[in-house]
Amino acid sequence: MASAYVTGLRMLARRELCEAQVRTRLARRQFESDDIEEAITRLQRERALDDRRTALACARTEAHVKRHGRLRALRQVEMLGIARDVARAAVAEVFGDLDEDQLIEQALSRRLRHDASLEEATVVRRVHRYLLAQGFDAARVHAAIRSRAKHAGHDD
């Protein structure tokens, strides 16, 4: 049977995982807690296991691939089991280079493809809820919707 270290290394070869995920997966495979501790320590020492790197990878995926906002990205990174301060720092680093207002505009455009306009209150509420669920700041969402509705009114 493979050691906890080798098993952890194989897991990390397939995808970036945080310490909590590796611990959970090794425990599920019924390794002894001492073996898990030893494996985690060695994986960290060899830099195969790095929560900061995992947090950055997750935050980048949330921002660049899934096009989610800062709050949802933070929630996703924390759900991995990464410490709150590490998660916040990673999300701040990734979103430091992004124009969040542009992300909101893009999400708004994607969402309004099927809905005719922001003239109906039900459409506005639905789009507002959607953007908040995507993790965008409420004040920015409100401003983007207001701006879009104002510009749509001038197009007529």
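By the side chain to side chain donor-acceptor pair (under 3.5 Å) test, Arg129 is found to be paired with no residue, residues two or more places apart in sequence or in another chain being considered. The side chain to side chain contact (heavy atoms under 4.5 Å, CB included) search around Ala90 returns Ala55, Leu56, not counting sequence neighbours. In this structure, the salt bridge (Lys or Arg N to Asp or Glu O under 4.0 Å) partners of Arg52, at least two apart in sequence or on a different chain, are Glu93. Checked against side chain to side chain contact (heavy atoms under 4.5 Å, CB included), His142 has the following partners two or more places apart in sequence or in another chain: Arg146. For Asp50, the side chain to side chain donor-acceptor pair (under 3.5 Å) partners are Arg47, not counting sequence neighbours. Shown here are the side chain to side chain contact (heavy atoms under 4.5 Å, CB included) partners of Leu80, two or more places apart in sequence or in another chain: Cys18, Gln21, Thr54, Cys58, Ile82. Under the rule for a side chain to side chain contact (heavy atoms under 4.5 Å, CB included), the partners of Thr61 that lie at least two apart in sequence or sit in another chain are Val65, Lys66.
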From CA spacing to verdict: side-chain contact (heavy atoms from CB on, under 4.5 Å), Leu17, Arg15
CA-CA 6 Å; Leu17 298 169; Arg15 67 183 290 210; 3.9 Å; yes
Query - Steps toward side-chain contact (heavy atoms from CB on, under 4.5 Å) verdict (His128, Leu132) - result: CA-CA 6 Å; His128 190 265; Leu132 291 179; 3.4 Å; yes
For a side-chain contact (heavy atoms from CB on, under 4.5 Å) check, start with the C-alpha distance between Arg125 and Thr122, then their side-chain angles and the critical distance, and finish with the verdict.
CA-CA 5 Å; Arg125 283 194 301 275; Thr122 56; 3.4 Å; yes
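Here His68 contributes atom NE2 and Leu74 contributes atom CG; the two are 14.0 Å apart, rounded to the nearest 0.5 Å. The line from CG of Leu9 to CZ of Arg14 is 10.5 Å long, rounded to the nearest 0.5 Å. Expressed to the nearest 0.5 Å, how far CZ of Phe136 lies from OH of Tyr130 amounts to 7.5 Å.
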Using distance only, find each side-chain donor-acceptor pair of residues 100-107 under 3.5 Å and give its atom names and separation, not counting sequence neighbours.
from   : atom 1 : to     : atom 2 : distance (Å)
Glu100 : OE2    : Arg70  : NE     : 3.1
Glu100 : OE2    : Arg70  : NH2    : 2.9
Glu105 : OE1    : Arg148 : NH2    : 2.8
Gln106 : OE1    : Arg67  : NH2    : 2.2

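With respect to Glu46 and Arg42, a salt bridge is recorded, a charged nitrogen being found less than 4.0 Å from a carboxylate O.
Closest approach of Ala63 and Val94 over heavy atoms only: CB-CG1, 3.9 Å. Minimum interatomic distance between Ala48 and Leu12 (heavy atoms only, all atoms of both residues): O-CD1, 3.5 Å.
Hydrophobic clustering of Ile, Leu, Val, Met, Phe, Trp and Tyr side chains at less than 4.5 Å, counting indirect connections, unites Leu112 with Ile145. Hydrophobic clustering of Ile, Leu, Val, Met, Phe, Trp and Tyr side chains at less than 4.5 Å, counting indirect connections, keeps Leu71 apart from Val91. Cluster annotation: Val86 is connected to Phe95 through the hydrophobic network of ILVMFWY side chains, with a link wherever side-chain heavy atoms come within less than 4.5 Å.
Contact annotation: the side chain of Leu26 approaches that of Met11 to within less than 4.5 Å [non-hydrogen atoms, C-beta and beyond].
Among residues at least two apart or in separate chains, side-chain hydrogen bond (donor to acceptor under 3.5 Å, both in side chains) pairs with a member in residues 73-82 are Glu78-Arg84. Judged as a salt bridge (charged side-chain N to carboxylate O under 4.0 Å, His left out), the pairs with a partner in residues 16-25 (not counting sequence neighbours) are, in order, Glu16-Arg53, Glu19-Arg23, Arg23-Glu37.
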